[in-house]
Amino acid sequence: MSDLIDRFGRRHRSLRISVTDVCNIRCQYCMPEHADRFLPRDEHLRYDEITRFVGIVAPLGLNRLRLTGGEPLLRPGLDQLVAKLSTTEGVADVALTTNGMLLADQLPALVDAGLRRVNISLDTLSEQTFRAMSRREGLDRVLDGIAAAADTPSLTVRLNSLVLRDVNLDDVIALVEFAAGRDITLRFIEFMPLDANRRWSESRMVRGDEIREILADRFGGLEPAEVTDPSQPATDYLLPGGGRVGFIDTVTRPFCDACDRLRLTSDGKLRNCLFGQQEWDVREMLRARVDPERVLVQVRDCLAAKHAAHGIAAADFRPPQRAMYQIGG
């Protein structure tokens, strides 16, 4: 039973682990176009340090792990980390979030190592729009990764789409039909003020309720799906003709009251919210192999400082100093 419960009664079970801040594309909603400064390699947590941290917190219930980046598949030997984590006492689940470009080649080793769930970003089915959104080429490689994942029976696959009004709003229907035709859940994520260029605006963001209206008109309505996990960030709906679509409306319909997440950045900083301003360092503790109880003091201090909500709607809201790719998606 977890004792990682904050002052608002939220029991924390999910840990997002960023393994790198490096990425092979430059999505408008995340990275600057010419990002060329990344963390030095020796500042990233080593795999043994990540495993040690998980070994400390998993017995307390923080045992549902998701590996993120940057692009996590750029970190060499990621399957070795998955193998270590999936066999760590107390770990219940190991998942991965990826842009999919490197997935097809690495997937067999990852699944053999214990990967059970993968979320793949897919914002368009048009190469031209893909280039506009990501400032790179490679949609065909993303689709290859999705195909490989969909053909792996032991793997639960979801697609994540972020819609910018001036880039890919016209792709919404095609994306839903693509996912439904492959029996894959597609989730739309609202554009959040976490882009490195600080160009977030409410006018570029497409609200979840607007997309729901588009889909209801096209498919003849949406039926709310049964909620099986109250802590999940998405609200899911069923399409009349088959298919499942979800919405992560972080800006307009925050799910903070059910948030069960902590985050570990690639350089070993704990964060209690994607939009938080504070970080708690555990890297040096892990490198010095201090008593696990000292690490847990940092974890509990981080948890104790967690707010009731992220406060995006507040007049004095300030985005975090780090962009999405530097925190972990």
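Computed from a predicted structure; not experimentally measured.
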Are the side chain of [X] and the backbone of [Y] linked by a donor-acceptor contact shorter than 3.5 Å?
X: N168; Y: L162; result: yes
X: R7; Y: K306; result: yes
X: Q326; Y: T265; result: no
X: T129; Y: L125; result: no
X: Q298; Y: D281; result: yes
X: D79; Y: A113; result: no
X: R10; Y: A308; result: yes
X: R26; Y: R135; result: no
X: R283; Y: E43; result: yes
X: R52; Y: L286; result: yes

Is any side-chain N of the basic residue among [X] and [Y] closer than 4.0 Å to the acidic one's carboxylate O?
X: R46; Y: E49; result: yes
X: D3; Y: R300; result: yes
X: D166; Y: R204; result: yes
X: D229; Y: R13; result: no

Here's one to test your reading of the geometry: is the NZ or CZ of R212 within 45 degrees of the ring axis of F247 and under 6.0 Å from its centre?
yes
Geometric cation-pi criterion R182 and F178, 6.0 Å radius, 45° cone:
yes
D171 and T124: side chain donor to acceptor below 3.5 Å:
yes
Classify the side-chain pair T97/N119 by whether it contains a donor and acceptor separated by less than 3.5 Å.
no
Taking atom [atom1] of [X] as the centre, does the number of heavy atoms from other residues, nucleotides or ligands within less than 6.0 Å exceed 12?
X: D183; atom1: CG; result: no
X: E284; atom1: CD; result: yes
X: R294; atom1: CZ; result: no
X: E202; atom1: CD; result: no
X: K84; atom1: NZ; result: no

Any side-chain heavy atom of [X] sitting closer than 4.5 Å to one from [Y]?
X: R141; Y: L102; answer: yes
X: P230; Y: F255; answer: no
X: R64; Y: D260; answer: yes
X: L264; Y: L45; answer: yes
X: I184; Y: I146; answer: yes
X: Y29; Y: D123; answer: yes

Hey, could you give me the [atom1]/[atom2] distance between [X] and [Y], rounded to the nearest 0.5 Å?
X: C27; Y: N99; atom1: SG; atom2: CG; result: 7.0 Å
X: F191; Y: T250; atom1: CZ; atom2: OG1; result: 12.5 Å
X: D257; Y: S231; atom1: CG; atom2: OG; result: 11.0 Å
X: L85; Y: N63; atom1: CG; atom2: CG; result: 12.0 Å
X: M31; Y: S134; atom1: CE; atom2: OG; result: 11.5 Å
X: L303; Y: F8; atom1: CG; atom2: CZ; result: 10.5 Å

side-chain contact (heavy atoms from CB on, under 4.5 Å) for L110 and V118? Distances and angles first, verdict last.
CA-CA 10 Å; L110 291 166; V118 62; over 6 Å; no
For F130, the ring-ring contact (aromatic ring centres under 6.0 Å, His included) test, sequence neighbours excluded, returns none
Holding to ring-ring contact (aromatic ring centres under 6.0 Å, His included), I want the full list of residues that pass it with Y47, two or more places apart in sequence or in another chain.
none
Applying the 4.5 Å side-chain criterion to the ILVMFWY set and letting contacts propagate, would [X] and [Y] be lumped into a single cluster?
X: L81; Y: L39; result: no
X: L60; Y: L262; result: yes
X: I173; Y: L139; result: yes
X: L186; Y: L238; result: no
X: V290; Y: V282; result: yes

Work out which heavy atom in [X] is nearest to a heavy atom in [Y]; give both atom names and the distance.
X: T68; Y: R16; value: CG2-CD, 4.2 Å
X: H12; Y: D6; value: CE1-OD2, 3.5 Å
X: G69; Y: S18; value: CA-OG, 3.7 Å
X: Q106; Y: L73; value: NE2-O, 3.0 Å
X: L239; Y: A180; value: CD1-CB, 4.3 Å
X: V19; Y: R75; value: O-NH1, 2.7 Å

Using side chain to side chain contact (heavy atoms under 4.5 Å, CB included) as the criterion, list what pairs up with T87, not counting sequence neighbours.
none
Chi angles and distances behind the side-chain contact (heavy atoms from CB on, under 4.5 Å) call for L15, F53:
CA-CA 11 Å; L15 178 64; F53 180 80; 3.8 Å; yes
For side-chain contact (heavy atoms from CB on, under 4.5 Å), just list the numbers for I214 and L169, CA-CA rounded to whole Å, side-chain angles, deciding distance to a tenth of an Å, and then say yes or no.
CA-CA 10 Å; I214 292 171; L169 180 56; 4.1 Å; yes
Exactly one of N24, T98, T20 should register a side-chain hydrogen bond (donor to acceptor under 3.5 Å, both in side chains) with E71. Which one does?
T98
Report the residue from R117, R116, R66 that forms a side-chain hydrogen bond (donor to acceptor under 3.5 Å, both in side chains) with D93.
R117
I would like to know whether R158 and D236 meet salt bridge (charged side-chain N to carboxylate O under 4.0 Å, His left out); could you show each step before the answer?
CA-CA 12 Å; R158 290 194 179 101; D236 288 357; 5.4 Å; no
Please test M192 against H310 for side-chain contact (heavy atoms from CB on, under 4.5 Å), starting from the C-alpha separation and ending with a verdict.
CA-CA 11 Å; M192 295 174 280; H310 54 52; over 6 Å; no
